[in-house]
Amino acid sequence: QVQLVESGGGLVQAGGSLRLSCVASGRTFSTNAMGWFRQAPGKDREFVAVIRRSDGSTYYADSVKGRFTISRDNAANTVYLQMDNLNLEDTTVYYCAAGRYSSSWYQYDYWGQGTQVTVSS
């Protein structure tokens, strides 16, 4: 089992920045990638970004490319999501996930509890 705990969400004005963190514990070696997803009420889970644990390869959704940056600290079993130039459409709950290097949510076996990000005008 892998446990994931997110932090760093909050309220920010449009154009501002937030950094999300996700600390993994347990059998982290059983997964090869960490990803971020987001999901608004009544909507499908949306891929945001993923990073491969071994070589740091990254992949982003078009909607966040150039604004969000995913990074990792393997020694601390932590993955980060730096979110810059936030807009109102970024408001939702963000989830950290551990699994395979993919943009498909069903390739991830473990999920955090989520952290709310709210962008105000």
Side-chain angles (χ1 to χ4, degrees):
Q1 292 289 333
V2 176
Q3 295 78 40
L4 303 172
V5 179
E6 303 107 329
S7 61
L11 175 64
V12 64
Q13 285 192 323
S17 298
L18 280 176
R19 188 175 83 154
L20 305 182
S21 300
C22 174
V23 179
S25 60
R27 298 171 60 87
T28 56
F29 56 85
S30 66
T31 62
N32 76 345
M34 300 283 288
W36 288 96
F37 289 77
R38 61 189 184 185
Q39 186 171 22
K43 293 191 175 182
D44 292 336
R45 198 169 309 182
E46 178 189 10
F47 168 75
V48 175
V50 60
I51 187 165
R52 188 163 14 224
R53 190 184 301 276
S54 59
D55 62 6
S57 297
T58 59
Y59 180 69
Y60 296 91
D62 287 343
S63 59
V64 306
K65 199 173 296 182
R67 300 188 300 122
F68 291 10
T69 303
I70 189 170
S71 61
R72 85 225 192 274
D73 181 343
N74 285 346
N77 279 329
T78 301
V79 63
Y80 304 97
L81 186 68
Q82 177 67 40
M83 305 186 295
D84 299 319
N85 194 22
L86 285 160
N87 58 53
L88 299 180
E89 289 71 35
D90 296 318
T91 294
T92 189
V93 179
Y94 286 72
Y95 296 90
C96 174
R100 299 164 191 80
Y101 186 76
S102 172
S103 60
S104 301
W105 65 266
Y106 51 83
Q107 295 290 340
Y108 292 80
D109 301 311
Y110 305 100
W111 294 83
Q113 81 286 356
T115 185
Q116 175 71 44
V117 171
T118 303
V119 183
S120 64
S121 58

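- The structure places CG of Asp109 at 4.5 Å from CZ of Arg100, a figure rounded to the nearest 0.5 Å.
- The shortest distance between side-chain heavy atoms of Leu11 and Ser120 falls below 4.5 Å.
- Taking a 6.0 Å sphere around CG of Asp55, one finds it holds more than 12 heavy atoms contributed by other residues, nucleotides or ligands.
- Between the SG atom in Cys22 and the CD1 atom in Ile70 there is a gap of 9.0 Å [rounded to 0.5 Å].
- Between Met83 and Leu20, some side-chain heavy-atom pair lies under the 4.5 Å cut-off.
- Partners of Arg27 by salt bridge (charged side-chain N to carboxylate O under 4.0 Å, His left out), not counting sequence neighbours: none found.
- No side-chain heavy atom of Trp111 sits under 4.5 Å from any side-chain heavy atom of Cys96.
- With a 4.5 Å cut-off on side-chain heavy atoms, Met34 and Val50 do not count as touching.
- Side-chain contact between Thr69 and Arg19 is absent, with no heavy-atom pair separated by less than 4.5 Å.
- Taken from OG1 in Thr31 to CD in Gln107, the straight-line distance is 13.0 Å, to the nearest 0.5 Å.
- With contacts defined as side-chain heavy-atom distances shorter than 4.5 Å, the pair Val93/Gln39 does not qualify.
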Take Tyr95 and Val48, measure what side chain to side chain contact (heavy atoms under 4.5 Å, CB included) needs, and give me the verdict at the end. CA-CA 10 Å; Tyr95 296 90; Val48 175; over 6 Å; no
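- The residue from Trp105, Phe37, Trp36, Tyr101 that alone fulfils the ring-ring contact (aromatic ring centres under 6.0 Å, His included) condition with Phe47 is Phe37.
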Would Glu89 and Ser63 count as a side chain to side chain contact (heavy atoms under 4.5 Å, CB included) if you check the C-alpha gap in whole Å, the side-chain angles of each, and the deciding distance to 0.1 Å? CA-CA 10 Å; Glu89 289 71 35; Ser63 59; over 6 Å; no
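- Listed by first then second residue, pairs satisfying side-chain hydrogen bond (donor to acceptor under 3.5 Å, both in side chains) with a partner in residues 5-16 read Glu6-Gln113, not counting sequence neighbours.
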Hey, mind stepping through Asp90 and Arg38 against side chain to side chain contact (heavy atoms under 4.5 Å, CB included) and telling me if it holds? CA-CA 9 Å; Asp90 296 318; Arg38 61 189 184 185; 2.9 Å; yes
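- The backbone N or O of Ala24 sits nowhere less than 3.5 Å from a side-chain atom of Tyr110 that would complete a donor-acceptor pair.
- Across Ala97 and Tyr108, no two heavy atoms sit closer than the pair CB-CD2, 3.6 Å.
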Under 3.5 Å, which donor-acceptor pairs link side chains of residues 74-82 to any protein atom two or more places apart or in another chain?
{"residue": "Asn74", "atom": "ND2", "partner": "Arg53", "partner atom": "O", "Å": "3.0"}
{"residue": "Thr78", "atom": "OG1", "partner": "Ala76", "partner atom": "O", "Å": "2.9"}
{"residue": "Gln82", "atom": "NE2", "partner": "Asp84", "partner atom": "OD1", "Å": "2.9"}

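- Enclosure of atom NZ in Lys65 by more than 12 non-hydrogen atoms of other residues, nucleotides or ligands within 6.0 angstrom is indicated.
- Between Val119 and Asn87 the shortest side-chain heavy-atom distance does not fall below 4.5 Å.
- Judged by distance alone, the side chain of Ser102 and the main-chain N or O of Ser104 form a donor-acceptor pair under 3.5 Å.
- Linking Ile, Leu, Val, Met, Phe, Trp and Tyr whenever their side-chain heavy atoms come within less than 4.5 Å leaves Val2 and Tyr106 in two separate clusters.
- At distances below 3.5 Å, not a single donor-acceptor pair connects side-chain atoms of Thr91 with backbone N or O atoms of Thr118.
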